[in-house]
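Everything below concerns the one structure shown next.
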Number of protein chains: 2
Amino acid sequence: MVDVARTAGTSQKTVSRVVNAEPGVRPETVERVQRAIAELGFRRHDGASHLRRGTSTASIGLVLEDLAGPFYAALTAGVERRAREHGYLLLTGSADGDAERAGRLVQAFAARRVDGLLIAPNLVGDEVLTANLPPDVPAVLLDRPSADHGTDEVLSDNTGGIAQAVHHLAERGHRSIAYLGDDERFWTSRQRRDGFLAACAERGLPTDGLVSLGALTPERIAAAVSGWTAAGVTAVVTGNNRASVALLHHLHERTGPRLAHVGFDELDLADLLDPPLTTVAQDAAGIGSAAVDLLFERLATPTLPPRSVVVATRLVVRRSSPPPDGASAPPDRFDR
Amino acid sequence: MVDVARTAGTSQKTVSRVVNAEPGVRPETVERVQRAIAELGFRRHDGASHLRRGTSTASIGLVLEDLAGPFYAALTAGVERRAREHGYLLLTGSADGDAERAGRLVQAFAARRVDGLLIAPNLVGDEVLTANLPPDVPAVLLDRPSADHGTDEVLSDNTGGIAQAVHHLAERGHRSIAYLGDDERFWTSRQRRDGFLAACAERGLPTDGLVSLGALTPERIAAAVSGWTAAGVTAVVTGNNRASVALLHHLHERTGPRLAHVGFDELDLADLLDPPLTTVAQDAAGIGSAAVDLLFERLATPTLPPRSVVVATRLVVRRSSPPPDGASAPPDRFDR
DNA sequence: CTGAAAGCGCTAACAT
DNA sequence: ATGTTAGCGCTTTCAG
């Protein structure tokens, strides 16, 4: 910038004025400065500008579990879009199941003076927050709740979504519905299981022995399913897309009575499967943009009490969830 | 930091030494400073540190077309992982098909003084580079070539991958193979078409009227397919996953002679389709990490001539590509 | 309308 | 082993 000033024959301050489009510079001077800028290929150093101004860096950090999964990818896209609308840049990092790595990311983002943090790694506990989050950096938790509800959070309507699935199946005549969930360490696995139990209880449906959480190994799934079919189960709800895919693989290869299936979380090719899979679709991008909104509101009003936003799910009925064999249920229209 | 120094009763410089773990500070002093740091909740301002040091910001910027697609998501994950291994942070942004937005992202990243840029928006032309990229910011193009080969680039082996598909089908006895590609504006669409033509020529297979590029509307696809089947086509190669999905939708609903199908680009649920889809899998994460490697090599040795890295594809044979009806081709083993 | 001086938070280069 | 001074690139403050 000194060079530009020298070339333009003005003071550094005047160059600064031009660069920042401040009023009160003679058009002719502006012209001269801009020529010098172009000639020297000058670009303002945003970091120095932020430092002197003491303003925010206009950036936010996003800590994820794994950038590559479809849910996280859609979520990230939602975050990035909304952040960009506000003129903010996005820093991203994956924890890959490692709490220490998640902690380092939080610290690195904080050291760069991001304006806020969005934290979504679902395998990592709250220690990421308590141990690494400086008290003056606002954060929003995504897809997992804050243990003491002292932090803003955005969640899917897990309970409601599972209830949609259960009610859908019950209305079609299923009286014995099972729940297959992913690893119990995922908060969403447990939350959706609880939603399943509640929805079944509400309908007076049995759940004894019909709920299975854990690692999605073929063996465990085979055992669970064979137990369920022996017990007269006619429909299964899967608790996330990993569970859905695992069950689909199993059903693909086994023989036996047909099982209706509703999967939590949308699959990209759900409508090309045979049969097309009925799903409870989450609004991943909506979760992301809601989190950004929450963050900006907190930046504007730091004294706000912690809030919790629940994003609705949507039941997408396809053909994997027909009435049970021999049911005299509703007319035969299962397409969307 | 001044506050820490005051509290610890030392000079600011000593605090700096402690923060940066520089040698030559008495353990006892270190202790005292660290207590003050903890007490005041001090965190070093990385931006100020970089400014004074004149060092890099240890960050790279990634400009994508759309963060949410599976290919870009996997690519981003590859980039982020490799960047993190080097202690670098990643800034991401989506262009969403808008060249101007891509340009603004490039400028914003450059103004933040990222050490380098990774540029992948496949709908945007080279104007993003020429108009917005400062000459002193190294960049690597991903999944599209540099027009004048003046920039480092990482590409999938599009030609080889398509050849794998064609040879695979030809070896199973197909003599009339068609190519369905996405919009011609995508460089990859054209590149893969050219690869298709070359592979067919090499095998002596006809291609006249068997190649169709354009928007993936149901109408266009229906017209192309019906023309092809009338002309005796027994197999179709699709040029990207959007084309694959579009063709799958079409085949799903139409009746008519069976068509073998090989799709370029892996689909998440390819093996759960009916029939499971044979694909040419791209190594998206590998492309991402290769690009980061290229960038770091250029940062280390700026005088390197521009390089082009081609990442291999892998043919994943499933059941959508059997020999044509009535062929006396190879034994009937189509599983992976 | 323009400029000189001071300083954001930090560290290099010299003292001591 | 520790402190002092100066300055990274920019913008604020105040004076012309």
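Just so it is clear: chains get the letters A, B, ... in the order the sequence lines come, proteins before strands, and each one is counted from 1. Only heavy atoms go into these numbers, but all of them, side chains included; no hydrogens, no water, no symmetry mates.
Taking 4.0 Å as the cut-off between side-chain N and carboxylate O, B:Glu39 and B:Arg35 do not count as a salt-bridged pair. Note on A:Asp96 versus B:Arg81: salt bridge recorded, some NZ/NE/NH1/NH2 to OD/OE distance being below 4.0 Å. A salt bridge is absent between A:Glu28 and A:Arg32; no separation between the charged side-chain nitrogens and carboxylate oxygens falls under 4.0 Å.
If you measure from atom CD of B:Glu28 to atom C1' of D:dT2, you get 13 Å, rounded to the nearest angstrom. Atom CZ of A:Arg113 and atom P of C:dC8 are 15 Å apart (whole Å). Look at CE on A:Met1: it is 20 Å from P on C:dG7, rounded to the nearest Å. Protein atom NE2 of B:His50 is 11 Å distant from nucleotide atom C1' of C:dC10, rounded to whole Å. In this structure, NE2 of A:His45 is placed 18 Å from P of D:dG7, rounded to the nearest angstrom. One can place CD of B:Glu31 at 17 Å from C1' of D:dA1, the figure rounded to the nearest angstrom. Following rounding to the nearest Å, A:Glu22 (CD) and C:dG3 (P) show an atom-to-atom distance of 14 Å. To the nearest angstrom, C1' of C:dG9 lies 16 Å from CZ of A:Arg112.
With a 6.0 Å radius and a threshold of 12 heavy atoms from other residues, nucleotides or ligands, A:Arg185 has its CZ atom at or below the threshold.
Of the candidates C:dC1, D:dG3, D:dC10, C:dC1 carries the atom nearest the A:Arg26 side chain, counting heavy atoms from C-beta on. The B:Thr29 side chain lies nearest to D:dT2 when the options are D:dT2, C:dC10, D:dG9. Closest to the side chain of A:Thr14, from the set D:dC10, C:dG3, D:dT4, is C:dG3. When distances run from any side-chain atom of B:Ala48 to the nucleotides D:dC10, C:dC10, D:dT11, the shortest one goes to C:dC10.
Between B:Gln12 and A:Gly47, it is B:Gln12 whose nearest contact on DNA chain D lies nearer the 5' terminus. Mapping B:Leu51 and B:Lys13 onto DNA chain C via the closest heavy atom, the residue that lands nearer the 5' end is B:Leu51.
The phosphate of D:dC10 has neither OP1 nor OP2 within less than 4.0 Å of any side-chain N or O from A:Ser16. The side chain of B:Arg53 places an N or O atom within less than 4.0 Å of a non-bridging phosphate oxygen (OP1 or OP2) of C:dA12. Taking only side-chain nitrogens and oxygens, B:Ser49 never comes nearer than 4.0 Å to OP1 or OP2 of C:dC10.
In this structure, B:Gly24 reaches the bases: a heavy-atom distance under 4.0 Å links it to at least one base atom across the strands shown. Contact annotation for B:Arg17: base contact, defined as any heavy-atom pair under 4.0 Å involving a base atom.
In terms of polar N and O atoms assigned as donor or acceptor, the side chain of A:Arg52 never comes within less than 3.5 Å of the base of D:dG9 in a complementary pairing. Between the base of D:dG9 and the side chain of A:Arg43 there is no donor-acceptor pair shorter than 3.5 Å.
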*Kindly determine whether B:Arg298 and B:Asp115 satisfy salt bridge (Lys or Arg N to Asp or Glu O under 4.0 Å), including the steps that lead there.*
CA-CA 10 Å; B:Arg298 177 153 306 283; B:Asp115 295 292; over 6 Å; no

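A:Ser11 places a side-chain N or O within donor-acceptor distance of the main-chain N or O of A:Thr14, the cut-off being under 3.5 Å.
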